[in-house]
*Asks:* 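Input: one structure, supplied below.
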Amino acid sequence: MTATLIDGKALSSKVENEVKERVEKLAERGVTPGLATVLVGENQASQMYIRLKHSACERVGIASKNVALPENCSEETLLSRIAKLNAQDDVHGILLQLPLPRPLDPRRAMMTIAAHKDVDGFHPQNMGALLLGAEGLVPCTPRGIIYALEQMGADLQGAEAVVVGHSNVVGKPLAAMLLNRNATVQVCHVFTKDLAAHTRGADILVVAAGVPGLIRADMVKDGACVFDVGINRVEGKTVGDVDFEAVKEKAAAITPVPGGVGPLTVSMLLSQTVWAAETACQRRA
Ligand code: NAD
């Protein structure tokens with residue numbers, strides 16, 4: 001079997017078209033959705049991610065601006081800058097680019113972002129709502145994976161789902177989202193004793209470990225649906241966590257790296273920013 005490619009670029013352009021229509025509807029009410037990103041320091045990868053997010057905003061008509069703070073910025077400065085964005089009516093979404101330079105505490109900074117502007121879905125209030133099954137603003141990568149599964153018509157109810165990686169950004173929120181859709185979910189991580197024993201049973205396998213080549217073909221069930229979240233640089237190339245060439249001969253569907261989960265993550269950020277603007281409009285009405 002050669003797997004169907006889950007084309008993240010095509011899915012994300014579909015999302016962008018939907019987002020554009022929602023932006024036009026907001027314009028009829030005199031509202032332009034606004035995203036503010038906050039970048040501390042000069043991490044090159046972070047600068048590249050910020051550029052990608054701003055050009056995506058531009059494509060769909062979201063007004064975006066970046067607040068650049070110096071590497072040695074104090075916590076007080078960072079938190080007061082975020083508080084200022086919280087108070088601005090034209091800013092509907094705030095995204096704090098991680099990682100933060102030490103000794104800044106990302107958790108405290110995240111908690112300073114107003115929950116209704118937290119378009120990355122990391123605020124405890126939004127995470128709590130997600131766990132309770134009331135999904136509002138949720139982390140963008142898991143939302144993108146769920147969107148792709150829904151577009152593929154995957155039946156999640158009772159599906160055996162295995163998530164490799166238990167980060168707050170991907171693994172934990174994704175596990176909650178799959179549970180909310182009645183999948184049977186196992187979460188594996190670096191201390192899991194026999195990873196293959198778990199992954200071999202997965203109808204849906206999501207890998208977010210940051211370890212190139214972690215998932216080999218013999219660890220994948222025939223006909224599984226495989227999402228490779230990993231982004232690794234190996235010999236000048238960007239690769240995921242899955243041995244793509246071998247696994248695609250076994251899986252029914254698989255995401256490539258690049259061009260799979262990454263573009264979906266960005267388009268979910270756009271969708272959530274517009275959702276935050278729509279919700280702000282409803283609150284004012
Ligand atoms: P993280 O570094 O916070 O956590 C890694 C997780 O993988 C942990 O739960 C750890 O226990 C687990 N892990 C590590 N080695 C393992 C092993 N040998 N076996 C099993 N589990 C193992 O990771 P993160 O922030 O969730 O990111 C994971 C990967 O996904 C990274 O490569 C990151 O760049 C990528 N990422 C991609 C996107 C995207 O949009 N495509 C978004 C977020 C993260």
Side-chain angles (χ1 to χ4, degrees), residues 5-12 15-16 37 43-53 55-56 95-100 106-107 110 119-122 127 130 138-149 161-178 185-202 205-216 218-220 226-235 237-244 247 254-272:
L5 216 60
I6 304 168
D7 185 345
K9 282 190 196 155
L11 286 167
S12 72
V15 177
E16 286 194 10
T37 58
N43 179 311
Q44 284 196 348
S46 294
Q47 286 175 334
M48 185 197 73
Y49 288 130
I50 289 285
R51 276 197 300 275
L52 276 177
K53 289 164 189 173
S55 58
L95 180 145
L96 177 64
Q97 186 66 43
L98 297 179
L100 290 180
R107 205 168 293 193
M110 284 297 171
V119 282
D120 251 343
F122 295 153
M127 281 283 189
L130 164 60
V138 299
C140 296
T141 302
R143 168 154 269 165
I145 292 169
I146 295 290
Y147 176 83
L149 284 164
V162 174
V163 179
V164 181
H166 69 338
S167 70
N168 292 334
V169 181
V170 186
K172 282 189 214 165
L174 178 62
M177 292 178 84
L178 288 164
V185 183
Q186 295 180 62
V187 182
C188 302
H189 44 77
V190 72
F191 298 109
T192 298
K193 291 201 173 100
D194 186 352
L195 182 62
H198 297 276
T199 58
R200 275 187 200 122
L205 176 60
V206 182
V207 192
V211 181
L214 179 66
I215 303 297
R216 306 179 309 267
D218 65 301
M219 297 166 79
V220 177
V226 180
F227 287 85
D228 190 353
V229 183
I231 301 176
N232 310 291
R233 290 295 287 174
V234 176
E235 292 166 4
K237 276 178 67 182
T238 301
V239 299
D241 293 346
V242 175
D243 178 355
F244 180 82
V247 171
I254 187 167
T255 57
V257 178
V261 175
L264 278 167
T265 300
V266 177
S267 60
M268 291 300 136
L269 171 69
L270 304 177
S271 177
Q272 298 216 117

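Quick note: numbers below take in every heavy atom, side chains included, and nothing from hydrogens, waters or symmetry partners. Numbering of ligands and ligand atoms starts at 1, following listing order.
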*Asks:* Just wondering, are more than 12 heavy atoms of other shown residues or ligands nearer than 6.0 Å to OH in Tyr49?
*Replies:* no
*Asks:* Below 4.0 Å from any atom of ligand 1, is there a heavy atom belonging to Cys188?
*Replies:*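 It does not, in that no heavy atom of Cys188 comes within the 4.0 Å cut-off of ligand 1.
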*Asks:* For residues Gly260 and Pro263, report the shortest heavy-atom separation together with the two atoms involved.
*Replies:*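 Scanning both residues completely, I find the closest heavy atoms to be O-CD, 3.3 Å.
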*Asks:* Would you please test Met219 and Leu195 for side-chain contact (heavy atoms from CB on, under 4.5 Å) and show each step?
*Replies:* CA-CA 8 Å; Met219 297 166 79; Leu195 182 62; 3.8 Å; yes
*Asks:* Just which atoms of ligand 1 are under 4.0 Å from any heavy atom in Val170?
*Replies:* 26 (O), 43 (C)
*Asks:* Counting only heavy atoms closer than 4.0 Å, does ligand 1 sit against the backbone of Val211, its side chain, both, or neither?
*Replies:* side chain
*Asks:* If the test is side-chain contact (heavy atoms from CB on, under 4.5 Å), which one of Val242, Leu149, Leu174 qualifies with Phe227?
*Replies:* Leu149
*Asks:* Please tell me if atom 27 (O) of ligand 1 is touched by the protein, where touching means a protein heavy-atom distance below 4.0 Å.
*Replies:* no
*Asks:* Do you know the tightest heavy-atom contact between Leu264 and Leu11?
*Replies:* CD2-CB, 3.8 Å
*Asks:* Checking contacts here: is it the side chain or the backbone of Thr141 that comes within 4.0 Å of ligand 1, counting heavy atoms only? Could be both or neither.
*Replies:* side chain
*Asks:* Is there a polar contact, in the sense of an N or O pair closer than 3.5 Å, between Val190 and ligand 1?
*Replies:*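 For ligand 1, there is an N or O atom that lies under 3.5 Å from one belonging to Val190.
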*Asks:* Quick one: nearest non-hydrogen protein atom to atom 31 (C) of ligand 1, plus distance?
*Replies:* Gly210 CA, 3.8 Å
*Asks:* How close does the nearest protein non-hydrogen atom get to atom 25 (O) of ligand 1, and which residue and atom is it?
*Replies:*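 Going by distance alone, atom 25 (O) of ligand 1 is nearest to Ser167 OG, 4.0 Å.
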*Asks:* Between the candidates Pro263, Gly165, Pro142, Ala209, which shows the shortest non-hydrogen contact distance to atom 5 (C) of ligand 1?
*Replies:* Ala209
*Asks:* Under 4.0 angstrom from atom 2 (O) of ligand 1, is there any protein heavy atom?
*Replies:* no
*Asks:* What is the minimum heavy-atom distance between Cys140 and Thr265, and which atoms define it?
*Replies:* CB-O, 3.5 Å
*Asks:* N/O of His166 under 3.5 Å from N/O of ligand 1, yes or no?
*Replies:*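 By distance alone, the answer is yes.
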*Asks:* May I ask you to identify the nearest protein heavy atom to atom 18 (N) of ligand 1, giving residue, atom name and distance to one decimal place in Å?
*Replies:*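 Result for atom 18 (N) of ligand 1: Leu214 CD1, 3.6 Å.
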*Asks:* Where do His198 and Val162 come nearest, in terms of heavy atoms and distance?
*Replies:*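 Distance-wise, the nearest heavy atoms are O-CG2, 3.5 Å.
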*Asks:* Can you tell me the protein heavy atom closest to atom 33 (C) of ligand 1 and the distance?
*Replies:* Ile231 N, 4.3 Å
*Asks:* Please walk me through it: do Val239 and Val257 pass side-chain contact (heavy atoms from CB on, under 4.5 Å)?
*Replies:* CA-CA 6 Å; Val239 299; Val257 178; 5.6 Å; no
*Asks:* If you compare all heavy atoms of Leu98 against all heavy atoms of Met110, which two are closest, and at what distance to 0.1 Å?
*Replies:* CD1-CE, 3.6 Å
*Asks:* Are any of the side-chain nitrogens in Asp7 or Lys9 under 4.0 Å away from the carboxylate oxygens of its partner?
*Replies:*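 Lys9 and Asp7: not salt-bridged.
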*Asks:* Return the closest protein heavy atom for atom 35 (C) of ligand 1 as residue, atom name and distance.
*Replies:* Val229 O, 3.4 Å
*Asks:* If you take all heavy atoms of Val170 and Ser167, which pair is closest and at what distance?
*Replies:* N-OG, 3.0 Å
*Asks:* Against ligand 1, does Gly230 come closer than 4.0 Å with any heavy atom?
*Replies:* yes
*Asks:* So which bit of Thr192 gets within less than 4.0 Å of ligand 1, heavy atoms only: side chain, backbone, both or neither?
*Replies:*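 Neither part.
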*Asks:* Using a 4.0 Å cutoff against the non-hydrogen atoms of Gly262, which atoms of ligand 1 qualify?
*Replies:*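 Selected atoms, number and element: 40 (O), 41 (N).
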*Asks:* For ligand 1, which atoms have a heavy atom of Thr265 less than 4.0 angstrom away?
*Replies:*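 It comes down to these atoms of ligand 1: 39 (C), 40 (O).
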